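Just below is one structure, and these are the notes that go with it.
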Amino acid sequence: MTAQRVSLITLGVADLDRSRRFYAANGWEPLPGPEEGVVFYRMHGMALGLFGRGALAEDQGRPGTELGTGAMTLAQNFPDREGVDAAFDRALAAGATSLKRPEEVFWGGYSGYYADPDGHVWELAHNPFWTVNDEGTLTIPDPE
């Protein structure tokens, strides 16, 4: 099994119901399950979890630790700029905070950033050098 992979990303959240509503407004559908205090979303080849911050710190073996946000970026790539703009506007309408409106960037692409209600930073981007299929899978060409 390759070491270069991520199976699950878990975000610590202050209010699980608020976060569930935010992600639902952005088109995310939770997996059905009896788990109390956690929500999982199936992604292509992996999963995203939402977990209360206090419970996540305890699960990590660090009870009472105040978990921070914003030191990393989650990203979604789109096949075109219109997809970036539509997703950005949808996130803002659902309660996200705009960090940087989508714009042309120095590396030749188009991207913007928002923070979800818990401060988790998402980048929405169109990279003209990569392809994105209908399922959202990236194809990154090998260097020549």
Side-chain angles (χ1 to χ4, degrees), residues 1-81 83-92 94-100 102-103 105-144:
M1 184 177 307
T2 181
Q4 258 178 242
R5 64 186 175 86
V6 175
S7 303
L8 172 66
I9 296 168
T10 303
L11 303 178
V13 301
D15 182 329
L16 190 60
D17 289 331
R18 177 188 68 187
S19 293
R20 184 192 318 251
R21 287 190 305 273
F22 173 80
Y23 284 91
N26 280 284
W28 292 69
E29 296 180 24
L31 291 171
E35 294 89 357
E36 184 72 25
V38 65
V39 178
F40 291 108
Y41 300 89
R42 182 176 295 131
M43 299 191 306
H44 189 69
M46 59 188 305
L48 176 73
L50 304 176
F51 203 178
R53 283 189 186 148
L56 180 58
E58 188 172 321
D59 194 53
Q60 294 172 347
R62 307 185 300 159
T65 299
E66 189 167 324
L67 302 178
T69 60
M72 65 170 277
T73 299
L74 301 163
Q76 290 182 321
N77 282 64
F78 294 84
D80 53 44
R81 292 173 180 216
V84 171
D85 289 337
F88 191 84
D89 291 342
R90 186 172 47 251
L92 294 185
T97 300
S98 175
L99 302 178
K100 183 181 96 173
E103 62 182 36
V105 290
F106 71 94
W107 48 266
Y110 182 77
S111 77
Y113 291 85
Y114 71 81
D116 78 2
D118 288 285
H120 299 291
V121 177
W122 285 84
E123 177 186 21
L124 305 176
H126 165 65
N127 183 330
F129 310 107
W130 296 352
T131 57
V132 181
N133 71 15
D134 289 341
E135 292 178 329
T137 301
L138 279 179
T139 301
I140 303 171
D142 290 327
E144 295 179 12

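What you see is a predicted model; the values in this text were computed from it and never measured. Residue numbers count from 1 along this sequence.
- Minimum heavy-atom separation, Pro128 to Gly109: CD-CA, 3.7 Å.
- Of all the heavy atoms in Val121 and Gly70, the pair that sits closest is CG2-CA, 4.0 Å.
- For the pair Gln60 and Leu67, the minimum side-chain heavy-atom distance is below 4.5 Å.
- The shortest distance between side-chain heavy atoms of Thr139 and Asn133 does not fall below 4.5 Å.
- The side-chain contact (heavy atoms from CB on, under 4.5 Å) search around Ala96 returns Phe22, Ala91, Leu92, Tyr114, not counting sequence neighbours.
- Pairing each heavy atom of Ala75 with each of Trp122, the nearest pair is N-CE3, 4.4 Å.
- Heavy atoms only, all atoms of each residue included: Ala87 and Asn26 are closest at O-OD1, 4.3 Å.
- Note that CG of Asp116 and CG of Leu11 are 6.5 Å apart. Values are rounded to the nearest 0.5 Å.
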Side chain to side chain contact (heavy atoms under 4.5 Å, CB included) assessment of Val39 paired with Tyr23: CA-CA 11 Å; Val39 178; Tyr23 284 91; over 6 Å; no
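- The CG atom of Leu48 sits 7.0 Å away from atom CG of Leu74, with the distance rounded to the nearest 0.5 Å.
- Residue Phe78 forms a side-chain contact (heavy atoms from CB on, under 4.5 Å) with just one option from Asp85, Leu124, Asn127, and that option is Leu124.
- Side-chain contact check for Trp130 versus Pro141: some heavy-atom pair is nearer than 4.5 Å.
- Contacts classified as side-chain hydrogen bond (donor to acceptor under 3.5 Å, both in side chains) and involving residues 71-81 (residues at least two apart or in different chains) are given here: Arg81-Glu104.
- Using a 4.5 Å heavy-atom cutoff, the side chains of Lys100 and Phe88 are not in contact.
- Of all heavy-atom pairs between Ser111 and Ala125, the closest is CB-CB, 3.7 Å.
- Around atom CD of Glu58, no more than 12 heavy atoms belonging to other residues, nucleotides or ligands sit under 6.0 Å away.
- In this structure, the side chains of Tyr113 and Pro102 stay at 4.5 Å or more apart for every pair of heavy atoms.
- Side chain of His126 to main chain of Tyr110: no donor-acceptor pair is present (N/O by atom type, distance under 3.5 Å, no hydrogens or angles).
- At least one donor-acceptor pair under 3.5 Å links the side chain of Thr2 to the backbone N or O of Gln4.
- Judged as a side-chain hydrogen bond (donor to acceptor under 3.5 Å, both in side chains), the pairs with a partner in residues 40-57 (not counting sequence neighbours) are, in order, His44-Thr137.
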Intermediate values then yes/no, side chain to side chain donor-acceptor pair (under 3.5 Å), Asp118 and Ser19: CA-CA 8 Å; Asp118 288 285; Ser19 293; 2.8 Å; yes
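- A donor-acceptor distance shorter than 3.5 angstrom exists from the side chain of His120 to the backbone of Gly12, with no hydrogens or angles considered.
- Here the side chains of Val13 and Phe51 are not in contact, with every heavy-atom distance at 4.5 Å or above.
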Residue pair Leu50, Leu16: steps toward the side chain to side chain contact (heavy atoms under 4.5 Å, CB included) verdict: CA-CA 7 Å; Leu50 304 176; Leu16 190 60; 3.7 Å; yes
